[in-house]
Structure formats: structure tokens, C-alpha cells
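I have placed the structure first, in the form of C-alpha cells, so that the comments after it can refer back to it.
Note that these values count all heavy atoms, side chains included, but never hydrogens, waters or copies made by symmetry. Chain identifiers are assigned alphabetically (A, B, ...) following the order of the sequence lines, protein sequences preceding nucleic acid strands; residue numbering begins at 1 within each chain.
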Amino acid sequence: MSQELAPRLDPRAIEPPRYRAWQEGGYFHVSADAVLEEGREPYVIVIPPPNVTAVLHMGHGLNNTVQDVLIRWRRMQGRAAVWVPGTDHAGIATQNVVERQLAAEGKHRDDLGREKFVERVWDFVNETGPVILDQLKAIGASCDWERTRFTLDPELSHAVREVFVHLYEKGLIYRGEYIINWCPRCLTALSNEEAEGEETAGSLWHFRYPLAEEAYGAAETAYEAALARRAEEAEGEEAETPAPIGIGRFDDGRWYVTVSTTRPETMLGDTGVAVHPDDERHQALVGADIELPLTGRRIPIVADDYVDPTFGSGMVKVTPAHDVNDFEIAGRTGLDVLDVMNPDATLNDEVPAAFRGVDRFEARKAVLAALEKEGLVAGREDHTHSVPHCYRCGTVVEPRLSDQWFVKMKPLAEPALEAARDGSISFTPPHWKRVYEHWMENIRDWCISRQLWWGHRIPVWYCTCGETIVAREDPDVCPKCGGAELEQDPDVLDTWFSSQLWPFSVFGWPEQTDDLKAFYPGHAMVTAPEILFFWVARMVMMGYEFHGEAPFSQIYLHGTVRDAQGRKMSKSLGNGIDPLEVVERFGADAMRYTIVSQCAVGTDISLDHEDVEAAFANGRNFANKIWNAGRFALLSLGEAPVRPLSEIEGDLELEDRWILTRTTEAGRAATSALERFRLHDAAEGLYHFFWGEICDWYLELVKGRLGPDADPASREAARTTLVTVLDRAFRLLHPVVPFVTAELWSRLPWPAGESRPDDLIVATWPDGADGFVDAEAEGSMAEVQSLVGEVRRLRKEYGIPEGERITVHVTSARAALMDALAAQAIALERMARVGSVEASAGTGVGAHAVLESGAELFIPLEGVIDIEREAGRLRDEMDRVEGQLKGTRARLANEKFTQNAPADVVQKERDKAAQLEEQGGKLREKLASLEGG
RNA sequence: GGUCGCUUAGCUCAGCUGGUAGAGCGCUACGUUCACAUCGUAGAUGUCGCAGGUUCGAGUCCUGCAGCGACCACCA
């Protein structure tokens, strides 16, 4: 078997068959019985369901690699580890994709009608839905595929219906008017995410609104108050620009107030003007009326906290039907709500005849002209602000008043907030806890209705008799009048309404299934911080509302994948990396290691899309290194079984005892890191253990003992040690690089008489708790390593030819070290070309060094190198350094230079002098040791 | 504007509870003695953003400043 191993790892040859074998072996699936009958402790992660239309990108690569590392690790720990996969129906995104398809055929969804359109989306979803899940298999995701779910599955829809009705009956779902984002071109509502803000240079206009005559008295009072306020401020030291008064008189003596807007056309829908309740300048005016220009309407002045008294005049025109904040002010103050626009954003019949039917931007000009004519425009200034645009067509989004369904969030948020405070849920990195709490404390009601066709239809029916029916089962007749003419609410629910139930809906809730009993609540939630509020927080709320506890206990928020310039990878920027291409070229192991090694808590991951090979070189090289070390070991070990560790313990040599100790420590460190979600620490620690300790030292030290000429007892001790160490190392590395480790592990010889797990994927995790430990061996090895390092360094420094075998003298070393060195003679020869080590000071011409332990090392150079030539080389070097130093010192002694040259140039010169001095010192020492002996 | 975070080697970043500055990539030199050139050995490079403070001791804690970024609200 071993002979078949190629000198280079070919991931394409080993990964797909290995994955198939795992799947066919049923290793990813755990039944409820494992928990309920066998009493195994569960470990559950539910996948953040990707959009059903999505194509795998690096963000998924990161998210799912992290989850798979955790699941594989816990599975090896013996937990009943279940990772539930699935997809999200993603209402708007999916509907858009299909609508684009239709548009390409020259059709609109209205041409098909609701039923046919939804059928068409289903066809599309059935066809493309599983793609992204299949793609996850390529990166090694060990999901329990038998549990694959879709948010629109009948069972999950059943859960949605139950939750909606439950919340409605509890009074937590209500219907109300609200301002939504509306695209006047697409004639559809948009979610906040779909209304993309764009910095736009615009104008801020200031208008004068005449006061009603009976308010003149109040105006005068307010005017005096404002003047007094200004005088007061003028006395203060920091009054740079006096606060505007906001109240004034026209030439003919009429009073007016000043308001500002970026959208003049909306003034036709104004129903009031608001001031801050504590604003001394304007208090007297509260309750007074304004004669709204152009309309002939009278509107009141009201007081509301929303108004910022320091902005503009401190007075705000209120247009409730066309601005979210204004709408909320109206709700609090009782102002009328006047909708002045048609769905296509032309003005409707509520406005004066001259403006009816006019487009909003034309109306803007017309309103400005009309106000200008009446002398009511007080000024204009440039104003840059963010204007929301439709992400599909780029049209400026219009806030529009409409009837929507809402969830009252405050009562739901309370236990979810408490969960964070009392530690029932933990956050990694921890600072997200405060962000979460802040959001929960200031939570606002959630608008859950969407004017779409694709999604969970709102389970509400309206009867001609006026009755509203909210029901778990579709009603046939009106329970009140018995009529059968019921009409279901046309809207569907926000996608997040169903995803928030994911942690328990995937297990069959509201039915009390065995799965639910066995696997709920889950454990870790691994996701990106962007959806902490959309999704994570809501899942916690639902967990408490329906189960009285959190749906998971640990929230791990990983970073974002960025390109070399630090930009987020995205389709539109074209800076993405296709994970499948990476898997194809370098293997899933390479991709996984590269990702995990960069996955430090709280940091983003950067990968250069322009040099994919360099970006994943680290992971590819490591996977290949594992492969080659394994290949070498397998070839050297042969296929014969090894002896159990207990039988050969007496024959263990220093390097065996050392590497076994290091293996124990590696297990401890990796376990501790994983427990704290420090995946990067775990990966890098294991990388160093495998490459820096097993490969660089142990394999080199043990080579001689594995050959046919070696002493049989020593050879068996080495074989057992090597098998033991590789077995543990492959186990520890398996969660991060599952394929290459499993492939090699399956070929490892095994201790005679010991039972062998069926597959590495279910081998017990070696946490190091009861591993082999020999502290003294560690100390001795450290000294051997230190000696080899110094010898290698000195060899290079003095130009000792690579092939030249040397004698090394060591003084003041511990006896144990000398023993160790004697035992390592073959290895020392191999690793540093040390022919012999002698416990003496050594004499004559040579190279000196001091080991970390304090022992002194001496290498005679007589007859080894051409002393005269080396000394001559050093003298030449010396001359050069001293020459440069002389010049530098002369420059520094020259006052003209030090005083006139730029400071940094002088400093550089000083640094150079210091550097040269140090260099000269070293050369002198070296020269002395060569000449003096 | 609110909240939070970041600033350490040429690049990307580690450095968890304060105790002699690290990794990967890149760079330089040498090396194919048969696991691996996707390799080995050795080497160079850091006033740890700036200014103060606490401490025996600060990259690490505190304060201020500067620059960058994220999220939320987008301010009439």
C-alpha cells in the first residue's frame, strides 16, 4: 500500500473518495436515539442557512470551515455531534432572480399571476437549490445531510404559522400604518437592505412659513425669548455663531417662522411644524397655527423630542406620509397624515390643481418657483446627504405610507437581554455583548410584512363582513358571519421571520419530536456580526418565547473575508475568490488551513484575489508537508504491526520521550484553544508542533533507528513512538485538515492487540489529559537543540564547508547533556555534521559560542578551514568597516553638517555610526578568536 | 451624529490575565547526503501611531491627540 503514495499530495485524488466514504459510512449522521437511548451528550450547530439562490463564496468558506472544525472536534470528543444544514428561501433575493429571468423573456410577474409565478419560483429553487449544499461537500463540511431543511418546507411553514398565530393571540403582532421604502419605478416595497444609501450632493432650502394672524402675539413673545437667549449666549465665551432665531417679520409686518428641507415638494404634504419642547426660543409658539403656503391649509406647531434644537432654525416641517421620522412625530403629537403622492411618485389630488399629476422632481422645481414668487424662499445651501436608491434600478426610493404588520419587540427582547447579562449566552469576541445589549435596550418594533409573492403568506383572512381571521388552519368560512368570501392578506412575511425559528423548526417543532428532545437547545452559533440583529438576536428571543431558554449558549462571530486592499469580497467589485477553484487547485485541506490559521478572534481574513496561489501557499505547503512526512514515516515503518507503548517503554530514548511529551502538550494546547474559539491558536500551534518538532527534529533524530541496521529494541521503540505520535498528531490536525490526515492515518501500522477505530473521523480526541510526560527529556532536548543550532550557525559564520565533519568541545555542561549528546551521535552527524563531541575546553584557533544552558562550545578550526584566508577576509571586512566609520565620524564632527542638514539625515548618520561600531566590535572578537586561539 | 474596533517587520496579521518583540508570505546567501525545492540551513529588517500617566517594569492598563475602518441612525 505504502508504495502507492505519490511524492506530492494530490488532493483531487484523495479528497472526493474520502468524503464519499465518510458519507456512505454514516459518520455525519446521529439519530435522536444516540442521546435519548444511549445517553450520549449532544453537540449541536445549526448552519446559518445560505440563500437558496446563492453560489458558494469565500464568506461561506470561512463560516462553514469554522463550523466543521468545531463539529469534527466535538465528534471526536465522543459527543453526539449534529450539524444541521439547509437553505433559506430568501424572499426578495429569490423573487428578484426569477423576475429577472422573466424579464429576459419579456414578461412580468403580473403576466403569470401569483399562483403560476410561485410555481415558477419553486421550479427554479428545486433545480438550483441544492447546488450550494453540494458545494459545501467539496470543502469537507460534515453536515448531517439527512437533516437538510429548507425554510419553506411544510414542517417549517407549520412552525411559522404557529408562531405568527401565537404572537398575534398574545397581542405581540399588530397591523398598523408605517412608512416603507418604495421604488416608484418597480412599484414595489423594498427592505432597508435593498435601499442602498448613496452620498449625494444636494441642497438644503430654507422656507418662510407665514404664521396665522392670531399667533402674532405668541410670535412676539417667542421672538423676545429668542433674542434674550441669543444675548445670554453672546455673554458666554463659546458663542461663536449665535443660534438662529427662526422667527421673523415680512416687510408688511406679518410674522413667519423658518423651516428647512432637502425635498421642497414634500411641503405640500406638511401637516405641522415641530419644535423641541424645552427650546426656550419657540415655546410660546407651540399650539399656534401656520398658513401653509400654496395650499391654503392651516397647520399647527407642536412640540416633540425628536427635534434637534441646534440644527437649522430649530423648527422642523412635518410631512408624516413621506418621512419615517415625521410619521413618528405625527404618531406622538396627533398630527394628520396626508399622503400627497401616487405609487409612481407623481403628486395626487390632495395637492393644488397646478401640481396634480406632476412627477416629484418636476414638482420640486415648481414648488420652489412658486415659493420664490411669493418671497418665501429664505435661502439655499449645499448639503451632502445619503439618498436611498433602489438597488435594482437605481431609482431614488420614496418613503411611502402603507399598511403593514408588526411585531411588538420590547416584551420579547427582555428575556433575551437578560440572557446576555446573566451569561446564559456568551459572545466571542466578548465586546459584541455590549453591542447586543445596546440594541436590545433600544429595540424598535419589527415590520414583518413584505409586498412579495415568494415566501410564507401571512395567515390572515379578511371577510366581506369586516371580520379579520388569524388562524393556524386555512379557514373555509367566516366564523362570524358564515360567509365564504374570504380573502387572504396578499403579503408574505419577512424572510427573517422564518429564519429566527431555525434552531428549533429544523427539529420538527411545534411537534414534540424525539429530535427536538435530543438536540434542542443547541450549542454554538457561528456567524458574521452583520446579522447579529437580523438573525441572532431574534433567534434568542424566539428561544425564550417558545422554550423558555436560549436556542444556543455560545455565539461566535467571525470576521469578514477581504481582498489585499482590505475591501470586502463581493460580486460587484469582482474581487472574490471562488472556493471551489481553490479546492480544485490546492485542495480543501489547503483552503481550510489557510482560513483557520488566519482566524484570530475578532479579526478579518485577507486573501489576495490577484494572487490566489500566494494566498493559499501556506495551507498548500502545510498539507503537502503532512503528506510527505507521513509518506516517509509509512515507508520507514513498513506494514508490520508495532508493539504497544507499554511494552517498549523501557527502550525509549531521549528523542522518543521528548516527542511523546510534546505530543501530550500539543493536545492540551489545542484543546484549550478550541474551547475558547481560538481556532487560529489551535491551528498555528499544531502547525509548529508538526512541522517544527515532528518533522524538523524527531524525524531527523529517529531516521537512523528505523533502518534495517539499527538495534532491534531501539528500532521497535522508535517505531512505536512514531506510530503513536503520528496517530495523535493526525487526530489533532484532523478537524482542520481532515482529508490528508485521514488518508495517512488509515495506512498507519497499529499496535498489536489494540483495537483500532473505524475511521479517523471518529477516533478519540487526544486532549493530553493523561498523556506521556517527561519533563527531564524536554530539558535535555532543549539543550541538544541549542547545541545543534549554535553549531549550524558557527559553521555558516566561519564558512566551514557543508560536507566537513567537525569535532565539538563542550565545557561546563551538565552530565546529562553529555550523555544525551553521546546518545545522539548519529543524529548530530546527520543534522550538523558533528563527528564527535568532547567534554573539554578545547584549545587553539576556533569558534566560540555559549549555549542557552550556559555551557560553552568550541569548534577547532585548524585544518578545517583556511585560517589565514578567513582571517584575511575578516581583516578586509574590518578595514572596510573602519573606513566607513571614519568617514561617518568625520561628518558627525563637522558642525556645518550637524547644524544645517535635516534632522532625520543627521540621525541616520548617527544610527549608521552605531551600527558600524557594533559590527566592528563583532569582527574584532571573531578575529581575536581566530588569531589568538 | 451614536456605538464599537483598529494602528506591531516590506505585506497580511498574532501577541489571551503587564515580565528579555512573534508567525506566514516576501527578501538575502548557501544547499538536491534518497520524505518533501509546495524542501532544508543560516541571515537581515521593528523608537509596537503620537503625547502624557499608573507601575520596580507597559506592545499589553489609564487619559488625551491623530489617522483608518465597521455597524447603527441618517438628522429636517
- Task: Determine whether the side chains of A:Asp326 and A:Tyr306 contain a donor N or O and an acceptor N or O closer than 3.5 Å.
- Result: no
- Using a cut-off of 4.0 Å on non-hydrogen atoms, how would the nucleic acid contact of A:Ala629 be classed: base, sugar-phosphate, or nothing? base
- Item | Whole-angstrom distance between B:G10 and B:A44, as gauged at atom C1' | 12 Å
- Rounded distance (Å) that lies between atom C1' of B:C25 and atom CD of A:Glu684: 12 Å
- Check: A:Lys433/A:Ser426 side-chain N/O donor and acceptor closer than 3.5 Å: no
- Message: Of the options B:G31, B:U38, B:A35, whose atoms approach the side-chain atoms of A:Glu802 most closely?
- Response: B:G31
- Query: With nearest nucleotides of RNA chain B determined for A:Glu797 and A:Ala600 from heavy-atom distances, which residue corresponds to the more 5′ nucleotide?
  - Reply: A:Ala600
- Is A:Lys625 near enough to B:G40 that one of its side-chain N or O atoms lies under 4.0 angstrom from OP1 or OP2? yes
- Query: Tell me: CH2 of A:Trp432 to C1' of B:A70, nearest whole Å?
  - Reply: 7 Å
- Task: Looking at every strand, decide which applies to A:His438 at a 4.0 Å heavy-atom threshold: base, sugar-phosphate, or nothing.
- Result: nothing
- Message: So, OP1 or OP2 of B:G40: does either fall under 4.0 Å of a side-chain N or O from A:Trp691?
- Response: yes
- Message: Under 4.0 Å, counting only non-hydrogen atoms across every strand here, what does A:Arg676 touch: a base, just sugar-phosphate, or nothing?
- Response: base
- Rounded C1' spacing from B:A9 to B:G24 in Å: 12 Å
- Could you work out the separation of B:C16 and B:U60 based on their P atoms and round it to a whole Å? 11 Å
- Residue matched to B:G31 through Watson-Crick or wobble contacts both under 3.5 angstrom: B:C39
- Query: Which is true for A:Asp608 with a 4.0 Å heavy-atom rule: it touches a base, it touches only sugar-phosphate, or it touches nothing?
  - Reply: nothing
- A:Glu265 and A:His322: side chain donor to acceptor below 3.5 Å: no
- Task: Could you work out which one of B:A76, B:A70, B:C74 sits closest to the side chain of A:Thr261?
- Result: B:A76
- Watson-Crick or G-U counterpart of B:C25, or none if no pair lies under 3.5 Å: B:G10
- Item | Identity of whatever pairs with B:A51 - Watson-Crick or G-U, under 3.5 angstrom | B:U63
- Under the 6.0 Å and 45° cation-pi test, does A:Arg538 pair with A:Trp446? yes
- Between B:A42, B:U33, B:G40, which one does the side chain of A:Asp696 approach most closely? B:G40
- Out of B:U33, B:C16, B:A76, which nucleotide sits closest to the side chain of A:Thr262? B:A76
- Item | Spacing between A:Asp304 atom CG and B:C75 atom P, to the nearest angstrom | 16 Å
- Query: Taking side chain as C-beta onward, heavy atoms only, is A:Asp445 less than 4.5 Å from A:Tyr178?
  - Reply: no
- Message: From the set B:G24, B:A42, B:A76, return the single nucleotide nearest to any side-chain atom of A:Val307.
- Response: B:A76
- Note on the structure: Separation of B:U41 atom P from A:Leu787 atom CG, nearest Å, is 16 Å
- Query: Which whole-number value in Å describes the distance from A:Ile626 CD1 to B:C36 C1'?
  - Reply: 12 Å
- Contact under 4.0 Å: A:Asn618 side-chain N or O vs B:A23 OP1/OP2: no
- Shortest side-chain distance from A:Arg434, nucleotide among B:C4, B:C39, B:G24: B:C4
- Determine the Euclidean distance between corresponding C1' atoms of B:U47 and B:U8; express it in Å to zero decimal places. 12 Å
- Message: Ignoring hydrogens and geometry beyond distance, is a side-chain donor-acceptor pair present between A:Thr594 and A:Asn618 at under 3.5 Å?
- Response: no
- Note on the structure: Looking only at B:U38, B:C75, B:A42, the nucleotide nearest the A:Lys796 side chain is B:A42
- Where the side chain of A:His431 is defined as all heavy atoms beyond and including C-beta, which of B:G24, B:C39, B:C4 is the nearest nucleotide? B:C4
- Query: Hey, are A:Arg668 and A:Ser672 close enough side-chain-wise for a donor-acceptor pair under 3.5 Å?
  - Reply: no
- Query: P atom, B:G49 versus B:C36: distance in rounded Å?
  - Reply: 44 Å
- Side-chain donor/acceptor contact of A:Gln598 with base of B:A23 under 3.5 Å: no
- Message: Is A:Asn628 close enough to B:U38 that one of its side-chain N or O atoms is under 4.0 Å from OP1 or OP2 there?
- Response: no
- Distance between C1' atoms of B:C30 and B:C68 (Å, rounded): 42 Å
- Pair of N/O donor and acceptor under 3.5 Å linking B:C36 base with A:Arg8 side chain: no
- Item | 5' precedence on RNA chain B between A:Ser606 and A:Ala617 (nearest-nucleotide basis) | A:Ser606
- Query: In the strands shown, is B:C75 matched to any nucleotide by a Watson-Crick or G-U wobble pair with both distances under 3.5 Å, and which?
  - Reply: none
- Query: Now, which nucleotide makes the Watson-Crick or G-U wobble pair with B:G18, with each of the two distances under 3.5 Å?
  - Reply: none
- Measure the distance from CG on A:Leu744 to C1' on B:C36 and round it to the nearest whole Å. 13 Å
- Task: Using both distances under 3.5 Å as the test, list the Watson-Crick or G-U wobble partner of B:A58, or none.
- Result: none
- Show your working on side chain to side chain contact (heavy atoms under 4.5 Å, CB included) between A:Arg792 and A:Met831 and close with a plain yes or no. CA-CA 9 Å; A:Arg792 282 171 170 171; A:Met831 298 181 80; 3.7 Å; yes
- Message: From CG of A:Leu699 over to P of B:G40, roughly how many Å is that when rounded to an integer?
- Response: 12 Å
- Task: Pick the P atom in B:G53 and in B:G40, then give their distance to the nearest Å.
- Result: 48 Å
- Task: Both distances under 3.5 Å, Watson-Crick or G-U wobble: report the partner of B:U3, or none.
- Result: B:A70
- Message: Side chain of A:Phe533 only, heavy atoms from C-beta on: which candidate in B:A35, B:C71, B:A76 is closest?
- Response: B:C71
- Between P of B:A42 and CZ of A:Arg795, the distance in whole Å: 12 Å
- Item | Distance, C1' atom - from B:U7 to B:U28, rounded to whole angstrom | 29 Å
- Message: Looking only at the side chain of A:Glu700 (C-beta and beyond, no hydrogens), which of the listed nucleotides B:A35, B:A70, B:C25 gets closest?
- Response: B:A35
- Query: Touch check for A:Arg792, heavy atoms < 4.0 angstrom, all strands: base, sugar-phosphate only, or nothing?
  - Reply: sugar-phosphate
- Message: Could you check whether any side-chain heavy atom of A:Phe622 comes within less than 4.5 Å of a side-chain heavy atom of A:Leu733, counting everything from C-beta outward?
- Response: yes
